[in-house]
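Encoded as structure tokens, the structure appears first; notes follow it.
To find a chain, count down the sequence lines: A is the first, B the second, and so on, and within it residues start at 1.
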Amino acid sequence: MNYWLFKSEPDAYSLDDLKNDKGRRTHWDGVRNYQARNFMRNMAKGDLGFFYHSNCEEPGIVGIIEVCREAYPDHTAFDPRDKHFDAKSNPEEPRWFMVDVRYKRRLKRPISLRELKEYADSRLTDFALVRRGNRLSVLPVTKRHWDFIVGLES
DNA sequence: GCCAACGTTGGC
DNA sequence: GCCAACGTTGGC
């Protein structure tokens, strides 16, 4: 099993939004970055992910979600009215993919980016999230890092 | 293939 | 709202 991190702006889509969605699940559409897309194509059913709130008052990890459907074409790329429309993608040769994720649980407390950065030079070296300039919306998390971060919870 | 211009992300 | 860090685009 592999571990991941999914970023979302809570104003646009928060952990509560996921929890309140039908079946507590959603499709993770709108990713338009090749590296992030490749990560999604590597995801397997049952993989776990952190739900990260970005671009907000206190950016940080707030919950845990699970991949419940593996990568399939992101149909929002085909819709000219969609914000993430991409004329270069089409159903015959889709360029962008998405996975479905399901709410698992909220962390006992949010683990802020500020707190995670305290470990950037020790327990969380090479964790992409705490490296400068990282803008990937989907990124892998090693088991070592995953376990350490979950351990910060309590 | 280089690189300047441009658009986006996201912390602060 | 600012701006640094990137990724992408397109002229040459």
Please determine, for the side chain of A:Lys117, which listed nucleotide (C:dG7, C:dT9, B:dG11) has the closest atom?
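For A:Lys117, the side-chain atoms sit closest to B:dG11.
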
Over 60° means perpendicular and under 30° means parallel, so tell me whether [X] and [Y] are parallel, tilted or perpendicular.
X	Y	value
A:His75	A:His27	perpendicular
A:Trp146	A:Phe50	parallel
A:Trp96	A:Tyr34	tilted

Flag the pair A:Asp21 and A:Arg25 as a salt bridge only when some basic side-chain nitrogen lies within less than 4.0 angstrom of an acidic carboxylate oxygen.
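No, this pair does not count.
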
Among side-chain atoms of [X] and [Y], is any donor-acceptor pair under 3.5 angstrom?
X	Y	value
A:Trp4	A:Asp47	yes
A:Tyr103	A:Asn20	no
A:Thr76	A:Arg32	yes
A:Ser14	A:Asp17	yes

How many whole angstroms separate atom [atom1] of [X] from atom [atom2] of [N]?
X	N	atom1	atom2	result
A:Arg95	C:dT9	CZ	C1'	12 Å
A:Arg135	B:dT8	CZ	P	11 Å
A:Arg114	B:dG11	CZ	C1'	13 Å
A:Phe6	B:dT9	CZ	C1'	18 Å
A:Gln35	C:dT8	CD	P	9 Å
A:Asn134	B:dT9	CG	C1'	10 Å
A:Tyr13	B:dG10	OH	P	17 Å

Assess A:Arg37 against A:Phe97: is NZ or CZ under 6.0 Å from the centre of the six-membered ring, and within 45 degrees of the ring's axis?
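Output no; distance or angle outside limits.
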
At a cut-off of 3.5 Å, list every protein nitrogen or oxygen paired with a nitrogen or oxygen from nucleotides 4-6 of chain B, distance to 0.1 Å.
none

Strand contacts (DNA chain B) in residues 49-62 of chain A, 4.0 angstrom heavy-atom criterion:
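A:Tyr52, A:Ser54, A:Asn55, A:Pro59 - these, ordered by number, are the residues of the stretch whose heavy atoms sit under 4.0 Å from the strand.
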
Going by heavy atoms closer than 4.0 Å, what residues in residues 72-86 of chain A are next to DNA chain B?
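When residues 72-86 of chain A is checked for heavy atoms under 4.0 Å from DNA chain B, there are no hits whatsoever.
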
DNA chain C: A:Gly133 or A:Tyr34, which has the more 5' nearest nucleotide?
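That would be A:Gly133.
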
